[in-house]
Amino acid sequence: MPELPEVETTRRGIEPHLVARVITSIIIRQPKLRWLIPEHITSTYPGQQIVTVNRRGKYILLTTKNHQAISSTLLFHLGMSGSLRIVGQSDLPGRHDHVDFVLDNNKRLRFHDPRRFGSLLECPAHQPHSHHLLSQLGPEPLSDEFSGEYLYDRSRNRKLSVKNFLMDSHVVVGLGNIYAAEALFHAGIHPFREAGNISLKRYTILAQQIKKVIDYAIQQGGTTLRDFVNATGKPGYFQQQLNVYGRENQPCVQCHAPIRKLKQSQRSTWYCPRCQH
DNA sequence: CAACCGCCCTGGGAGC
DNA sequence: TGCTCCCAGGGCGGTT
């Protein structure tokens, strides 16, 4: 389940194979992802050169230019089970390999997504960030804009739980169920606590822990639970650092109390009943 | 506006 | 062994 660290790991993995390459053809085997893949990309992108591979939140933005230096941007979201990998010519597509971008060195960028919660869309040519999926996104957690003060200000008068608040991409991008639970553990904050009722002091600690956990997970190549593999098909190693996620009834690494699992907004959450309050 | 809920989808695991 | 059921989850879009 790719959250920000897994998407960034993917971006770093594919970027060196893509920049300056020309797209030869695009093969769409299954256009029905979260949204329909626009069919015209199979005719408009061949011949275009890839200029940059960027990330915004959990989205990967692939920008190209044509001979007249007019640019376009493709927007990828990996959903829950998506991956982008570089494969060779002889690497035959399997089930759920929905799209191939064939490159001028005969390698391919392959979009695989069993659950099809991912997406592949096109952005406006000159201002990709004005796309409706990007324009309302909150700050990057590793940016200076994201701070305890920011979280404190944004959460005033909000009644929802702090965990749901953190998982709202309009508040901050990139945090899913895993990293939200882990960051709250490190900050000692109970996931059910009301967002609008947490002090600036505690939000300052929380913002620091979010940055720390995201940064460290990127260094570890992300978390692999079931599906995630990086651009070369290798798993990440951050799952070895998980303190609460998926650890119900196992002892807390700090106090040895059994970790609890509860449903929160139809989603599981894990926490230490002694360390988090 | 905020909060909530349904929905999109498949694979893996548990239970029978 | 094979069936059924449940769960995992991001985030949009509609409703309250």
Side-chain angles (χ1 to χ4, degrees), chain A residues 1-10 28-37 55-61 75-84 93-99 111-121 123 130-141 151 153-184 191-198 214 217 222-229 235-236 238-239 242 244-249 261-270:
Chain A
M1 42 212 78
E3 301 181 31
L4 191 154
E6 292 75 41
V7 177
E8 179 60 18
T9 297
T10 297
I28 301 175
R29 302 184 188 87
Q30 169 56 277
K32 290 180 182 172
L33 302 186
R34 173 74 198 269
W35 293 287
L36 203 63
I37 300 172
R55 181 188 58 74
R56 175 75 175 100
K58 297 177 186 172
Y59 292 93
I60 287 176
L61 288 80
L75 188 62
F76 295 82
H77 195 293
L78 302 180
M80 289 207 32
S81 58
S83 64
L84 283 167
R95 193 164 146 78
H96 310 306
D97 286 335
H98 304 313
V99 189
F111 191 3
H112 173 87
D113 186 8
R115 273 165 271 187
R116 290 198 264 136
F117 274 28
S119 53
L120 169 50
L121 296 170
C123 286
S130 68
H131 190 278
H132 73 281
L133 292 175
L134 303 180
S135 61
Q136 303 300 315
L137 293 177
E140 292 285 327
L151 283 177
D153 290 344
R154 281 296 301 266
S155 62
R156 290 312 89 184
N157 301 319
R158 296 292 301 271
K159 300 287 182 194
L160 80 175
S161 72
V162 63
K163 178 148 175 283
N164 287 346
F165 177 66
L166 291 181
M167 287 174 64
D168 181 351
S169 63
H170 304 108
V171 173
V172 56
V173 295
L175 293 177
N177 211 21
I178 298 173
Y179 295 108
E182 292 297 310
L184 286 167
F192 284 68
R193 185 169 276 274
E194 191 176 303
N197 201 16
I198 292 174
I214 292 286
T223 299
T224 296
L225 293 177
R226 293 178 189 84
D227 305 319
F228 178 70
V229 288
F238 188 77
Q239 69 277 15
L242 297 178
V244 287
Y245 184 90
R247 294 194 65 241
E248 66 268 27
N249 299 323
K261 176 188 180 181
L262 283 177
K263 283 279 178 190
Q264 185 171 21
S265 305
Q266 292 152 310
R267 199 149 290 180
S268 292
T269 199
W270 290 265

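Just so we're clear, the structure is a prediction, and the values are computed from it rather than from any experiment.
- Atom CG in Asn164(A) sits about 7 Å away from atom P in dC4(B), given to the nearest Å.
- The shortest distance between side-chain heavy atoms of Ile198(A) and Ser155(A) does not fall below 4.5 Å.
- The distance between atom CE of Met167(A) and atom C1' of dG11(C), rounded to the nearest whole Å, is 10 Å.
- Between Lys163(A) atom NZ and dG10(C) atom P there is a gap of 8 Å when expressed in whole angstrom units.
- For Ser135(A) against Ser130(A), the heavy-atom pair with the smallest separation is CB-O, 4.0 Å.
- Side chain to side chain, Asn177(A) and Lys163(A) meet the donor-acceptor criterion of an N or O pair below 3.5 Å.
- Nucleic acid contact class of Leu33(A) (heavy atoms, under 4.0 Å, all strands): none.
- Between Lys261(A) and dC7(C) there is no side-chain polar atom (N or O) within less than 4.0 angstrom of OP1 or OP2.
- Counting non-hydrogen atoms under 4.0 angstrom, Arg116(A) reaches the backbone sugars and phosphates but no base.
- When the P atom of dA3(B) is taken as reference, atom NE2 of His170(A) falls 14 Å away, rounded to whole Å.
- The residue Tyr59(A) sits close only to the backbone: its heavy atoms come under 4.0 Å of sugar-phosphate atoms, none of a base.
- Counting heavy atoms from C-beta outward, Glu3(A) and Ile214(A) have side chains that stay 4.5 Å or more apart.
- Counting to the nearest Å, the C1' atom of dC9(B) and the CD atom of Gln30(A) are 11 Å from each other.
- The interatomic distance linking Asp168(A) (CG) with dC4(B) (C1') rounds to 13 Å, in whole Å.
- When each of Lys32(A) and Asn157(A) is assigned the nucleotide of DNA chain B bearing its nearest heavy atom, the one mapping closer to the 5' terminus is Asn157(A).
- Counting non-hydrogen atoms under 4.0 angstrom, Lys58(A) reaches the backbone sugars and phosphates but no base.
- Contact between the side-chain N/O atoms of Ser81(A) and the OP1/OP2 oxygens of dT10(B) is not found at any separation under 4.0 Å.
- The side chain of Arg158(A) places no N or O atom within less than 4.0 Å of a non-bridging phosphate oxygen (OP1 or OP2) of dA2(B).
- Whole-Å rounding puts the Glu248(A) CD to dA14(B) P distance at 12 Å.
- Side-chain N/O atoms of Arg267(A) and base N/O atoms of dG10(C) include a donor-acceptor pair closer than 3.5 Å.
- OP1 or OP2 of dC6(C) has not a single side-chain nitrogen or oxygen of Lys263(A) nearer than 4.0 Å.
- Nearest to the side chain of Ser169(A), among dA3(B), dG11(C), dG10(C), sits dG11(C).
- In this entry the distance linking CG of Leu137(A) with P of dC12(C) reads 8 Å, nearest Å.
- The shortest distance between the side-chain N/O atoms of His77(A) and the OP1/OP2 oxygens of dG11(C) is below 4.0 Å.
- In terms of heavy atoms, Leu134(A) sits closest to Arg56(A) at CD2-CG, 4.4 Å.
- Both Arg95(A) and Phe117(A) lie near DNA chain B, and the one whose nearest nucleotide falls closer to the 5' end is Phe117(A).
- At a threshold of 4.0 Å, the pair Glu194(A)-Arg158(A) does not count as salt-bridged, since none of the basic side-chain nitrogens sits closer than that to a carboxylate oxygen.
- Nearest to the side chain of His96(A), among dG10(C), dG13(C), dG11(B), sits dG11(B).
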